[in-house]
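Before any comments, here is the structure.
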Amino acid sequence: MHIDLLIHSASQVVTCAGPPGPRRGPAMADVGAIPGGAVAVHQGTIIAVGASDELRAAYTADREIDAAGRAVCPGFVDPHTHLVYAGDRVGEFEWRIAGASYLEIQAAGGGIVATMRATRAAGVERLVAESLPRLRQMLALGTTTAEVKTGYGLSLDAELRQLEAIAALDAAQPIRLVPTFLPAHALPPEYAGRPDAYIDLVIREMLPAAARWHAASAFDGAGVPLFIDVFCERGAFDVAQSRRVLEAGRALDMGVKAHVDEFTALGGLELALELGAVSVDHLDVTGPAGIALLADSTAVAVVIPAVTFNLGGSHYADARAMIDAGAAVALTTDINPGSAPCPSMPLVMAIACRYQRLLPAEALLAATVNAAHAIGVGNRVGSLELGKAADILILDAADYRHLAYEFGGNLISQVIKQGVIL
Ligand code: NIG
Ligand code: FE
């Protein structure tokens, strides 16, 4: 058969393949590597994965890549980002160095609300122009699919502009985006002292408008879901407020996500799991009882070591205990201007291996197949398997473990997105 692309003679093809659903527990240590492997791609899709001699006998291709001495793996999926925003918060970086905490800066009017001001002042075009370079960096570092949240608009119009920017960015560059609506990310200043009135606005106006926007967007046409998310934290929204937002989103068919247990274990984790969350994110202060609940649930635990690293913290989410308990763990950058100005999934893997004691295999599965399941696209991307999108990385290393073992450089030698060599 004649096909579009054949990648062959890799030192190893790391498939990350397995049964349907995310990998959990001990299954997170098996990356499904095929020594000397090959991948056959036609019309943007993977049509065969196997030994190089077998695939070379079975296929001729318009384009062949001899990956000699290099490892091949799936493109990374970054399942939690706040990459659409205007401006930066480099000043806060210096305040934190001088001793202020993230929550103190937020209470003083910095933090998310500072980025809200800059984002509200920007039109869709400027949001796109400021966010594109971040996506370009992510792509160069191997990310081929990313979730993107709103949450810096915090008004009906400004949140919808963020959704518009996400759609424009999806169309403007190769990384496929999955939108999440996060209107309850922080309390906008015009609602100071009236959080419940803001939640009323979110439920009555913002969520229905977001659902209508999604139904008319290219995302819905392509089968890409819209998620609802909330920041359940002291200084953000409490459990009762978070419940109202998540239940209202779920009633509009949005998949449930939540920022929980980042600084304070308020009960947001238990709430999100009760509501059938697709993912629960952060989990830095989740203890043994929460970990047992996680392991018993279908939610993917998205941990974010780049935030702990960036905030100079020493207490990382106990992802080791989560995996050992049988939970499905994913990794993400959380790229945002405050808690994690970080585009790099390989750096996140490197931190997770050192401070959360993940094996490189676990970190890779957490950055690919499990991350895909955390954003509802696990049946399409995240592993090198028959029928999945041909999102493929060729590494400047013979062994995929170098992705986490080395840090500070870039081992991504070639990115292939839906069969297109970029
Ligand atoms: O995931 N935790 C809340 N939201 C972001 C931070 C956003 C910001 O600081 O601008 C996070 O860490
Ligand atoms: Fe976040």
Side-chain angles (χ1 to χ4, degrees), residues 78-93 95-96 100-120 127 130-131 134 146-154 158-159 162 166 178-188 227-238 241-242 245 256-266 268-269 272 277 279-286 300-313 316-317 330-343 348 351 371 374-375:
D78 192 342
H80 177 140
T81 86
H82 305 255
L83 70 88
V84 175
Y85 60 85
D88 64 60
R89 306 218 300 270
V90 69
E92 288 181 13
F93 177 52
W95 300 348
R96 279 203 311 275
S101 76
Y102 180 82
L103 289 180
E104 281 162 4
I105 291 170
Q106 180 163 296
I112 294 166
V113 167
T115 299
M116 176 211 77
R117 288 196 191 93
T119 301
R120 281 185 179 178
L127 284 178
E130 290 199 28
S131 303
R134 293 189 270 273
E147 183 256 18
V148 188
K149 301 176 195 299
T150 69
Y152 293 123
L154 310 181
E159 285 289 309
Q162 274 202 290
I166 294 169
V178 175
T180 291
F181 197 51
L182 176 58
H185 190 201
L187 189 63
F227 287 95
I228 179 69
D229 194 350
V230 66
F231 188 16
C232 184
E233 181 59 57
R234 195 172 286 158
F237 297 96
D238 67 21
Q241 292 156 350
S242 301
V245 171
V256 170
K257 288 180 166 287
H259 287 67
V260 295
D261 291 6
E262 180 175 359
F263 303 103
T264 325
L266 288 183
L269 171 62
S279 79
V280 283
D281 301 37
H282 281 290
L283 308 168
D284 300 281
V285 297
T286 304
V300 177
V302 178
V303 299
I304 316 185
V307 169
T308 313
F309 174 80
N310 180 58
L311 299 181
Y316 286 81
L331 287 168
T332 187
T333 62
D334 193 13
I335 180 170
N336 75 74
S339 67
C342 171
V348 167
I351 301 172
I375 57 174

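This structure is a prediction, so every number in the text was calculated from the model and none was measured. Position 1 is the first residue of the sequence, and the numbers go up from there. In each ligand, atom 1 is the first atom listed, and ligand 1 is the first ligand listed.
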Ligand 1 atoms in contact with [X] (distance to a heavy atom under 4.0 Å):
X    : result
H282 : 1 (O), 2 (N), 11 (C), 12 (O)
G338 : 9 (O)
R89  : 8 (C), 9 (O), 10 (O)
D334 : 1 (O), 11 (C), 12 (O)
H80  : 1 (O)
I112 : 7 (C), 8 (C), 9 (O), 10 (O)

Please table the atom pairs, donor to acceptor, closer than 3.5 Å between any side-chain atom in residues 228-235 and protein atoms at least two apart or in another chain.
| unit_1 | atom_1 | unit_2 | atom_2 | d |
| --- | --- | --- | --- | --- |
| D229 | OD1 | H259 | N | 3.3 |
| D229 | OD1 | H259 | ND1 | 3.1 |
| D229 | OD2 | K149 | NZ | 2.8 |
| D229 | OD2 | H259 | ND1 | 3.2 |
| E233 | OE1 | F263 | N | 3.0 |
| E233 | OE1 | T264 | N | 3.3 |
| E233 | OE2 | T264 | N | 3.3 |
| E233 | OE2 | T264 | OG1 | 2.3 |

What is the closest protein heavy atom to [atom], and at what distance does it sit?
atom                    : answer
atom 2 (N) of ligand 1  : E262 OE1, 2.7 Å
atom 4 (N) of ligand 1  : H185 NE2, 2.8 Å
atom 12 (O) of ligand 1 : S339 OG, 2.6 Å

How does E233 reach ligand 1, by side chain, by backbone, by both or by neither, if only non-hydrogen atoms under 4.0 Å count?
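Within the 4.0 Å criterion, E233 makes no contact with ligand 1.
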*asked:* Can you tell me which residue among R134, Q162, E130 is in a side-chain hydrogen bond (donor to acceptor under 3.5 Å, both in side chains) with Y85?
replied: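 By the side-chain hydrogen bond (donor to acceptor under 3.5 Å, both in side chains) criterion, Y85 pairs with just one of R134, Q162, E130: R134.
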Rounding to 0.5 Å, atoms NE2 (H185) and NE2 (H82) come to a distance of 4.5 Å
Rounded to the nearest 0.5 Å, how far does CZ of R96 lie from OG of S339?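 S339 OG to R96 CZ: 8.0 Å, rounded to 0.5 Å.
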Side chains of V113 and P188 in contact at under 4.5 Å (non-hydrogen atoms) = no
Step-by-step side-chain contact (heavy atoms from CB on, under 4.5 Å) determination, T119 to L127:
CA-CA 7 Å; T119 301; L127 284 178; 3.8 Å; yes
### N/O separation below 3.5 Å, H259 to ligand 1
yes
Donor-acceptor pair between D261 and H282 side chains, under 3.5 angstrom
no
Among N, O or S atoms, D334 approaches the Fe ion (ligand 2) most closely through OD1
*Would you say H282 has an N, O or S atom lying under 2.8 Å from the Fe ion (ligand 2)?*
no
Name the option, out of Y152, F231, Y102, that contains the heavy atom nearest to atom 10 (O) of ligand 1.
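Looking at heavy atoms only, the winner is Y152.
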Requested in this report: Could you tell me whether the side chain of S131 and the main chain of L83 form a donor-acceptor pair under 3.5 Å?
Outcome: yes
Next on the checklist: How large, to 10°, is the angle at the Fe ion (ligand 2) when you draw lines to NE2 on H80 and to NE2 on H259?
Outcome noted: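 Value, to the nearest 10 degrees: 90°.
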From the list L182, V256, V178, side chain to side chain contact (heavy atoms under 4.5 Å, CB included) partner of F227 resolves to V178
For N336, is the nearest heavy atom under 4.0 Å from an atom of ligand 1? yes
**OP:** Mark yes when over 12 heavy atoms from residues, nucleotides or ligands other than Y316 sit less than 6.0 Å from its OH; otherwise mark no.
**Re:**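 More than 12 within 6.0 Å, yes.
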